[in-house]
**Student:** 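I have a structure I would like to understand better, so I am pasting it below and will then ask my questions one at a time.
Hydrogens, waters and symmetry mates play no part in the numbers below; they use all other heavy atoms, side chains included. Counting begins at 1 with the first residue of the sequence.
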Amino acid sequence: MDDVERMRLGRRAALAGIGGNILLTTLNFIVGVSSGSVALVAEAAHTLSDVMTSIITYIGFRIGQRPPDREHPYGHGRAEALVGLVVVLFLGIISYEIVSEAYRKLFIEVAPPDYTAALMAAAGIVANISMTLYIRRIGERINSPAIVADAQHQKVDIFSCIAIMLGVAGSNLGFRFLDPLVAVIIAVLVLKTAFDVGRENVNNILGAVPSPALMRDIETAALSVDGVKGIHDVRINYFGPYAAADIHIEVDGDMVLREAHRIAHDVEGKIIADVDMIKIVNVHVCPVGEKTRCTDW
């Protein structure tokens, strides 16, 4: 997939999240206030945070698409992971605000919310499932950590809407503490999402061990080049949707330098051609059977 197509799909995912959440924020707030549901008002605050994080996500996505330059020879892809951490910050703030409001409502005698809040929550379930599946599918297709993080964030709203429906029903059956309690549950779900998104993006920035599937793809590509007897010490550096690979290949120890140099370039080209995520490859050539002499970087 070329960068133009990736940008088009990324823009489409961002606009779907922003537009859908603006609509849900407005409806949740209006129905939450009119029905007396603190949980639905909390959900309006949560969906408002979705709008903000979708905008931030798109900004990070655009920055990550900038080509390499003199100051950033590996490109700007890590901007997407950094933006994912900004999303985590917003999730933490909104979770605190939800808990504060729920705590206040627990000690105020209020009438139970009417069932229009439950109907709004049901509509929210349908809308959030649709947006989550759509945004995540695009994020995985274009391999964007920021957009996948945004989809994870969106998924929380599905469970919070289910909890709102249960809270409204329970409040009308005499358990009036359930509506603010559901608001607290929403806050916990938000924090759980913040933790998952943060861990994924921190691992991306720190260069966590790549998946076994990615390692197999790199090994298959490298070993398909004539003259390569083995590979070792494969290391991956992630740059948002892309990655750079450092790899040691093993060749005949008596091979002339020019031939070894050609094989190294062939391995580089083969990996870039066969493994979509890898855009930069650094190849170190070692004689067969002398791995221990080639492990100092």
Side-chain angles (χ1 to χ4, degrees), residues 12-35 37-58 83-84 86-102 113 115-140 144 146-170 178-198 200:
R12 183 186 296 176
L15 292 177
I18 293 169
N21 284 311
I22 287 175
L23 178 61
L24 284 175
T25 297
T26 304
L27 293 176
N28 282 334
F29 182 77
I30 293 173
V31 176
V33 171
S34 63
S35 67
S37 171
V38 64
L40 197 57
V41 173
E43 180 62 11
H46 182 205
T47 51
L48 177 61
S49 78
D50 290 344
V51 175
M52 298 168 65
T53 53
S54 291
I55 293 172
I56 293 171
T57 295
Y58 183 60
V83 163
V86 176
V87 171
V88 171
L89 176 62
F90 272 96
L91 288 174
I93 293 172
I94 203 67
S95 178
Y96 171 78
E97 293 298 330
I98 291 172
V99 171
S100 297
E101 179 64 14
Y115 282 101
T116 57
L119 293 175
M120 181 62 228
I125 291 172
V126 176
N128 282 299
I129 288 176
S130 300
M131 285 194 293
T132 297
L133 293 176
Y134 182 73
I135 294 172
R136 185 174 185 85
R137 184 166 62 247
I138 290 180
E140 291 176 345
S144 170
I147 291 178
V148 171
D150 198 35
Q152 287 291 97
H153 182 192
Q154 192 71 47
K155 185 172 66 174
V156 175
D157 291 353
I158 299 170
F159 301 104
S160 59
C161 287
I162 293 173
I164 289 170
M165 293 177 66
L166 296 176
V168 170
L178 281 181
D179 188 60
L181 179 62
V182 167
V184 174
I185 293 173
I186 292 172
V188 172
L189 290 172
V190 172
L191 284 177
K192 173 62 167 58
T193 300
F195 176 79
D196 292 342
V197 171
E200 180 177 347

**Student:** Determine whether Leu24 and Met131 satisfy the following criterion, side chain to side chain contact (heavy atoms under 4.5 Å, CB included), listing intermediate values before the conclusion.
**Tutor:** CA-CA 11 Å; Leu24 284 175; Met131 285 194 293; 3.6 Å; yes

**Student:** Looking at every heavy atom in both Ser35 and Thr116, which two are closest together, and how far apart are they?
**Tutor:** CB-OG1, 3.4 Å

**Student:** For residues 16-28, which residue pairs pass the side chain to side chain donor-acceptor pair (under 3.5 Å) check, not counting sequence neighbours?
**Tutor:** Asn21-Gln154, Thr25-Thr47

**Student:** Among pairs that include at least one residue of residues 115-137, which meet salt bridge (Lys or Arg N to Asp or Glu O under 4.0 Å), considering only residues two or more places apart or in two chains?
**Tutor:** Arg136-Glu140

**Student:** Quick check for you: to the nearest 0.5 Å, what is the distance between Leu40 atom CG and Cys161 atom SG?
**Tutor:** 7.5 Å

**Student:** Ignoring hydrogens, what is the shortest heavy-atom contact between Leu191 and Gly92? Give both atom names and the distance.
**Tutor:** CD2-CA, 4.4 Å

**Student:** Could you measure the distance from the CD1 atom of Ile138 to the CZ atom of Arg12? Nearest 0.5 Å is fine.
**Tutor:** 6.0 Å

**Student:** Can you give me the closest heavy-atom contact between Ala121 and Met165, atom names plus distance?
**Tutor:** CB-CG, 3.5 Å

**Student:** According to side-chain contact (heavy atoms from CB on, under 4.5 Å), who are the partners of Leu27, at least two apart in sequence or on a separate chain?
**Tutor:** Leu23, Met120

**Student:** Looking at CG of Asn128 and CG of Leu133, how far apart are the two atoms once the value is rounded to the nearest 0.5 Å?
**Tutor:** 10.5 Å

**Student:** How close do Ile135 and Ala151 get, counting heavy atoms only, and between which atoms?
**Tutor:** CG2-CB, 3.9 Å

**Student:** Where is the tightest heavy-atom contact between Phe29 and Ala44, given as atom of each residue plus distance?
**Tutor:** N-CB, 3.5 Å

**Student:** Sort and list the pairs that fulfil salt bridge (Lys or Arg N to Asp or Glu O under 4.0 Å) and have at least one residue in residues 15-28, not counting sequence neighbours.
**Tutor:** none

